Protein chains: 2
Amino acid sequence: MSTEPRASRPATIADVAARAGVSLATVSRVLNDNPRVDRALAAKVRQAADDLRYSASPLARSLVLGKTNTVAVVVPDLENPTFLGVLRGLSRAAGRDGYHILVADSAESVTEEIALAGTTRRRCDGLVLCAPRMPEDDLRRLLGELQPVVLVNREPGSTDPTGTPVVAADYRAALAELLELLHADGHRELVYLAGASRSASNTRRLAAVRDFGADHPDARVVTLPCGVNFADGYAAAATVADRIAGHVGAGDPEGGQPTAVLAFNDLVAMGLLSGLGERGIRVPADVSVTGFDDIPFARYLSPPLTTAAVPVDELGVQAWHRMADRLGGRTTPGHAVFRPSVERRASTGPAPVATSAGRTSRRRRVAR
Amino acid sequence: MSTEPRASRPATIADVAARAGVSLATVSRVLNDNPRVDRALAAKVRQAADDLRYSASPLARSLVLGKTNTVAVVVPDLENPTFLGVLRGLSRAAGRDGYHILVADSAESVTEEIALAGTTRRRCDGLVLCAPRMPEDDLRRLLGELQPVVLVNREPGSTDPTGTPVVAADYRAALAELLELLHADGHRELVYLAGASRSASNTRRLAAVRDFGADHPDARVVTLPCGVNFADGYAAAATVADRIAGHVGAGDPEGGQPTAVLAFNDLVAMGLLSGLGERGIRVPADVSVTGFDDIPFARYLSPPLTTAAVPVDELGVQAWHRMADRLGGRTTPGHAVFRPSVERRASTGPAPVATSAGRTSRRRRVAR
DNA sequence: CTGTTAGCGCTTTCAC
DNA sequence: GTGAAAGCGCTAACAG
């Protein structure tokens, strides 16, 4: 018969109403700061709520309000510094606006990614999708079903009718700048250590490589499949060292002796630096190396790494702003593209003369 | 009048019921695989659900079922490799069991942390708390209010009546092992580069330092405040170099010339290595260095870093298992403590003879 | 200003 | 086997 809540059950609005001797509606009003409620009554309600350590069930509120104050974030791998940075920036920015983050790690599986996008989206108000490798068809379908969506580092595809906002770093422009920097330093035989071949950011870097080749007939960039981690870069050091020594890869008649290597990212560059060091190859005296991302200690490596600083946290913050706009019914201007700033440090320098001569004469020793 | 859903509104169970010509209850039964429903009817319902691309609102289900299939994870900083690993392991393990993760980054603020623990917990079924620096009083209160809770790398406090499960790495034992390893290599003057002074994992390391001092009267460990990041280690290199050179810190009459430095973690060790390298101090010839955590590329540094491998992902997985047990009403056996395995690599070696002699004679040059 | 009432979308007794 | 109806805890008309 009592209206007191049992100790174990969290207090409900009805408990508060009973204790304050008012109706549910009044309690709701007071707790939602509806101004047109009597001061005295309001005080009484608040007192009752305090006594009962009451706070409204977010679940019930969400159901009736039709909003959860939560957004889902799907990333391929939390270990990846890019997505981690995005998540961090996003989570803090959203937190400041009273929003929560439901995070899902697809473990690099596209199938999982698609499924997670759906299941997480349903319990949230929106979806921030980092899906660099999702096939375009699947992406299009998801964009149709899961709005509001904000895309990070991924284009919606040629014909996207949804006007989905995109927040991205301009990997292409940044790699182009790195290439130009090396070219200006006299490098003519370059190697690009590619990341996951189907990822969006790798594709954009490859476009920069293509452009560069077209713009500079005097130079050549050989693309080598590599990977995205330290270990991948470390492993690539063997191949790179061979090429520097003049032992060109058998299946690659185009390669000369490279004087510069552009790593997919800083992790790869670090691995490369490490493997090169073990082989007595000096950086930048024998070969210049660039990274990508500017992770916190890139500047502290030996030598400090020339790289392109991708503002990952900012990407996350902006992704949130786009999402907040959509949630607020505002329609946001299209894509936000951030141009990474190239940090020129000591891992790059003038092309070594010897190799430069070799290049000029197009001389090439063939592996045997 | 029509029972067809408008295109823009997600289909509800009522829409499905109407289309299949059955009651809501039947639809619910079918979709929840309740066996006692007519095969033919069930098929019809499934068909209707498919046609309407229906799937039940997780929100409404959560409200009525009293569970959200979501757990909250509060971390001080996503950038920290430890918490990141925990989150990753946890998120994947929980995902396999159909659970979602609500993640909150407290930006290292204890106040935020307390608030976030409460607000996130309310929209979830449980809370995984990584709060290495939360004052014990606050923690105790939260443990009382927010159950079920699982603690990561943090003790609940001396008198915890809640029986909260703890998943932790044994930082103390691991640092002790590192200290013994160095002692066995002849090191007698050591430096410990401390992390955040009030954090639980730093406290445990300090305990190991204390034990070591007591067990080895012939050795001495000087603790220097440092930090947890690459930059902190880099900055500490100056002080360490001074001490190695015999310029002991003025306020620290106890310090001799150190032959080994134990960094708080790998990031700090990397920074230290970098700073030491710039000063021409060789590792391990002049000084041995150890890290902590065994982050992915610790083995690739030059020299490869001797460190203690903390199984962070496993911590996350185990945290989830504990949580899953509690959610399933099972009561889990107490604390799960994981002993990091010490990885002996090339950054440590025998104590250099010169300094060893200096130590023996207690000779000390004083800074001026 | 305050209370009554009707849902939000779903599950689950309880009858039939 | 199936349906009607009562809620889960809350908010928002709608009356007074």
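Values below: all heavy atoms of this structure, side chains included; hydrogens, waters and symmetry mates excluded. Please read these numbers as outputs of a predicted model, since none were measured by experiment. Convention: sequence-line order gives letters A, B, ...; per-chain numbering from 1.
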Using the side chain to side chain contact (heavy atoms under 4.5 Å, CB included) rule, take A:Ser62 and A:Arg123 through it: C-alpha gap first, then chi angles, then the decisive distance, then the call. CA-CA 10 Å; A:Ser62 293; A:Arg123 43 192 85 225; over 6 Å; no
Just the rounded figure in Å: distance from C1' of C:dC10 to CZ of A:Arg123.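 That distance rounds to 14 Å.
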Nearest-angstrom distance from the residue atom CG of B:Asn34 to P of C:dT12: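 Rounded to the whole Å, the gap is 9 Å.
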Looking at B:Thr26, I'd like to know whether one of its side-chain N or O atoms comes within less than 4.0 Å of OP1 or OP2 on D:dG3.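 So the side-chain polar atoms of B:Thr26 do come within 4.0 Å of the phosphate oxygens OP1 or OP2 of D:dG3, strictly under.
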Find the bend of the helix from C:dC1-D:dG16 to C:dC16-D:dG1 as the angle between its two terminal axes (five pairs each), to the nearest 10°.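 Answer rounded to 10°: the end axes differ by 50°.
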Reading nucleotides 8-16 of chain D 5' to 3', which nucleotides get B (base under 4.0 Å from a protein heavy atom), which S (sugar-phosphate only), which -? BBSSBB---
Please enumerate all residues that pass side chain to side chain contact (heavy atoms under 4.5 Å, CB included) together with [X], with sequence neighbours excluded.
X        : answer
A:Val30  : A:Thr26, A:Val37, A:Ala42, A:Val45, A:Arg46
B:Pro156 : B:Leu143, B:Leu151, B:Asp160, B:Val166, B:His335
A:Leu146 : A:Ala117, A:Arg121, A:Leu127, A:Leu142, A:Val149
B:Arg198 : B:Arg133

Residues in side chain to side chain donor-acceptor pair (under 3.5 Å) contact with A:Thr68, at least two apart in sequence or another chain: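 Once residues adjacent in sequence are excluded, the partners of A:Thr68 under the side chain to side chain donor-acceptor pair (under 3.5 Å) criterion are A:Asp125.
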Taking only residues two or more places apart in sequence, or in another chain, which ones meet B:Tyr54 in a ring pair (Phe, Tyr, Trp, His ring centres under 6.0 Å)?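 Scan of B:Tyr54 (ring pair (Phe, Tyr, Trp, His ring centres under 6.0 Å), adjacent residues dropped) gives none.
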Qualifying ring-ring contact (aromatic ring centres under 6.0 Å, His included) pairs with a residue from residues 86-135 of chain B, counting only residues at least two apart or across chains: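 Sorted result for residues 86-135 of chain B: B:Tyr99-B:Trp320.
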